[in-house]
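Okay, structure first, notes after.
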Amino acid sequence: MNGSISSTDIRTGLVIGIHKKELGFGRQVAAILPKADIRIVQIDQGLPQQESFNGRGYYYSAFHREIYLQLHQQVKNKIDLLIDLHTGINESGRCADIFCSDKHLLGRIKKTLNESKVNFFDHSQAVRLFKIATVSSREHAASSSFPVCHTIIPGTVWESDQYSYVGLEIYLQDTGKGKQADWVYGAGLVEGIIKANHGNP
Ligand SMILES: [Zn+2]
């Protein structure tokens with residue numbers, strides 16, 4: 001880094017490549033985001049395909065947990081917001097899921113995206129928002145303003161009191177690193193989440 005802005009001033013972390021095959025997309029999104037605002041945390045040795053652990057689910061879970069705990073150690077005192085970028089496949093069109101345990105932040109994200117120039121909620125680019133909860137809090141699902149989901153990501157990360165965790169999964173129409181329009185869409189969502197995080201509670 002050689003800019004005049006100290007990296008210690010950057011309070012948003014964007015982690016790319018937790019799943020190894022998704023790193024190509026993450027790098028493309030990172031490349032079009034403003035460097036001055038976002039600390040890119042690139043995982044070079046991310047998780048291989050779950051299928052490659054064929055019959056050894058325990059090892060996958062252990063590796064998954066370890067990679068997130070290492071990430072937590074790396075970022076915990078440096079950022080206020082951690083965006084965890086992933087990709088999935090949706091053959092019928094580009095769309096995205098956003099996961100966060102803070103329903104107030106989810107509300108601000110929804111509002112910010114609604115006010116954005118890009119219509120993130122139109123049919124082809126639908127964004128769905130989910131509230132992460134523990135399995136034991138399942139009974140509260142009905143009272144939440146967002147659908148509730150559970151995650152195997154350690155609570156140390158998604159429930160951190162040192163930063164807000166936001167998972168972002170972009171669904172591409174095909175395997176691979178995606179196209180320019182996918183990267184712009186992903187970057188737009190990242191910027192929307194950052195803007196929402198800066199907003200009033
Ligand atoms: Zn992933």
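In what follows, residues are counted from 1 in the order of the sequence shown. Both counts, for ligands and for their atoms, begin at 1 and track the order of listing.
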Distance-only criterion, 3.5 Å: show the donor-acceptor pairs between side-chain atoms of residues 60-72 and protein atoms not counting sequence neighbours.
from : atom 1 : to   : atom 2 : distance (Å)
Y60  : OH     : H19  : NE2    : 3.1
S61  : OG     : G57  : O      : 3.1
E66  : OE2    : Q70  : NE2    : 3.2
Y68  : OH     : D84  : OD2    : 2.5
Y68  : OH     : H86  : NE2    : 3.2
H72  : ND1    : Y163 : OH     : 2.7

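Look at K195 and E191 and you find no salt bridge, because none of the NZ, NE, NH1 or NH2 atoms lies under 4.0 Å from a carboxylate O.
Not counting sequence neighbours, Q45 has no partner by the side chain to side chain donor-acceptor pair (under 3.5 Å) test. Partners of F130 under the ring pair (Phe, Tyr, Trp, His ring centres under 6.0 Å) rule, at least two apart in sequence or in another chain, are F99.
Here the protein contributes H19 ND1, E22 OE1, E22 OE2, H86 ND1 as N, O or S atoms under 2.8 Å from the Zn ion (ligand 1).
A donor-acceptor pair shorter than 3.5 Å can be found between the side chains of Q42 and D44.
Both I153 and Y59 are assigned to one and the same hydrophobic cluster, defined by single-linkage of ILVMFWY side chains at heavy-atom distances under 4.5 Å.
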